[in-house]
Amino acid sequence: MATRAHNFFAGPAVLPLSVVEAARDAAYDFAGLGMSIMEISHRSKEFDAVVQKAQADVLELMGLSAEDYAVLFLGGGASTQFAMLPMNFLHRKAEYINTGEWATKAIKEAKMMGETVVVASSEDANFNYIPGNLVFSGDADYVHFTSNNTIYGTEFKGTPDTGDVPLVCDMSSDIFSRELDFSRYSMIYAGAQKNLGPAGVTLVVVKKSWIEEKAKTDIPTMLKYKTHVAKESMFNTPPVFPIFVVGKTLEWIKSEGGLAVMQERNEKKAALLYDMFDNLSDFYKGAVAKKEDRSLMNVTFRLPSEELEAKFIAEAKTLNMYGLKGHRSVGGCRASIYNACPVESVEALAKFMETFYAAHK
Ligand SMILES: *Cc1c(COP(=O)(O)O)cnc(C)c1O
């Protein structure tokens, strides 16, 4: 194999090497069966064990119980959840916080299903901050927010307090990156391809009592949470291979020491880059307005000109660093430093930022 690249892609993104190796092995021969994981029945006892272990590991990492929460592995990406959530739970009114493009897309889907109120937004400054002083009506069916804004590099540092109103979060780009009180959420969802595994599966963790009491039943079978909860995520053929890889990533997180260790590492990695903006501020400008809103996962920044940004990204490639181009809607540069991004990669990038600065300041 070629040397592992320094991978800063925003998604699909870097996976732990041991997970990639396990995926390679299982793609050829799974559990000594003489068949690939892709060639066996999703109803086989071997695959059943994979799903059950992954569900148990999700709950363990979140500190939740199988009595209270269901763990689903669904298709359609996080984007399908934008529609499925209001389709199942919007009866009268839903409240949303708009912190970027993904939140905007979630709001668009909810509006098709019923009254949707945007209670706070940072659109006035192209989403470069997290709105404060959140006020909720207290009588919505649910409140939805996006914990980490992949494109802009902003992140909620705490959990909004919605009282008794069910709280739902799109955690696609920061799930399992830090410790959180997951019991405050009625539903959490995340497309796997940022911090969990390959594209093709979406993790949904939902409170069973909320499903029982409030989820609609007069909607299409596959788009009904009740269907998937009742069948423990095995109503139809699930995304078998992506689930296997997610399971391996969960095992990796646990073996490394869990969410406390992930958080400690992620804070250390992020600081290496944010320190550059603070120390070399005449050249590198962080794209996030307030320091306290800076993401641990997606570090967004600008250089003095677009020409220098293009040169920076091109030169980084010659040093085996990939994925540093900012999202097309905001431009600039972005280093995505998810759980599986080794500290060595971030150190290499920080060093390159220093040498590039010295050559072009
Ligand atoms: C990438 C991303 C999405 C979209 O996920 P898909 O699985 O491609 O639908 C949604 N929300 C956030 C926060 C993301 O980063």
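Atom set for the values below is all heavy atoms of this structure, side chains included, hydrogens, waters and symmetry mates excluded. Residue indices begin at 1 and follow the sequence shown. Numbering of ligands and ligand atoms starts at 1, following listing order.
What sits closest to atom 11 (N) of ligand 1 on the protein, heavy atoms only, is D170 OD2, 2.6 Å. The single protein non-hydrogen atom nearest to atom 5 (O) of ligand 1 is A78 CB, 3.5 Å, given as residue, atom name and distance.
The atoms of ligand 1 that sit less than 4.0 Å from any heavy atom of G77 are 7 (O), 9 (O). Ligand-side atoms of ligand 1 in range of F82: 10 (C), range being under 4.0 angstrom from any heavy atom. Which parts of ligand 1 touch N148 is read off a 4.0 Å heavy-atom cut-off, strictly below it: atoms 13 (C). Below 4.0 Å from some heavy atom of K194 lie the following atoms of ligand 1, by number and element: 1 (C), 2 (C), 3 (C), 14 (C), 15 (O). Interface of T150 with ligand 1, defined as ligand atoms under 4.0 Å from a residue heavy atom, comprises 13 (C), 14 (C), 15 (O).
For the pair K194 and W102, the cation-pi test (distance below 6.0 Å, angle within 45°) is passed.
Proximity of Y189 to ligand 1, defined as any heavy-atom pair under 4.0 Å, is not found for any part of the residue. Residue T146 touches ligand 1 through its side chain alone, judged by heavy-atom distances below 4.0 Å.
The aromatic rings of H144 and F82 sit perpendicular, their planes meeting at an angle over 60°, well past the 30° parallel limit. Relative ring orientation between Y284 and F277 is described as tilted, the plane-to-plane angle lying within the 30° to 60° band.
Of the candidates A190, G100, S79, G11, the one placing a heavy atom closest to atom 9 (O) of ligand 1 is S79.
Rounded to the nearest 0.5 angstrom, M112 CE and M87 CE are separated by 10.0 Å.
Y338 pairs in a side chain to side chain donor-acceptor pair (under 3.5 Å) with only one of the listed residues (N7, N298, N266), which is N298.
For the pair T80 and ligand 1, no heavy-atom separation below 4.0 Å is found. Heavy atoms of Q193 approach ligand 1 to within less than 4.0 angstrom.
Remark: the S147 side chain and the E155 side chain contain no N/O donor-acceptor pair separated by less than 3.5 Å. For the residue pair S177 and N339, no side-chain donor N or O sits within less than 3.5 Å of a side-chain acceptor on the partner.
The number of heavy atoms from other shown groups lying within 6.0 Å of CG (N133) does not exceed 12.
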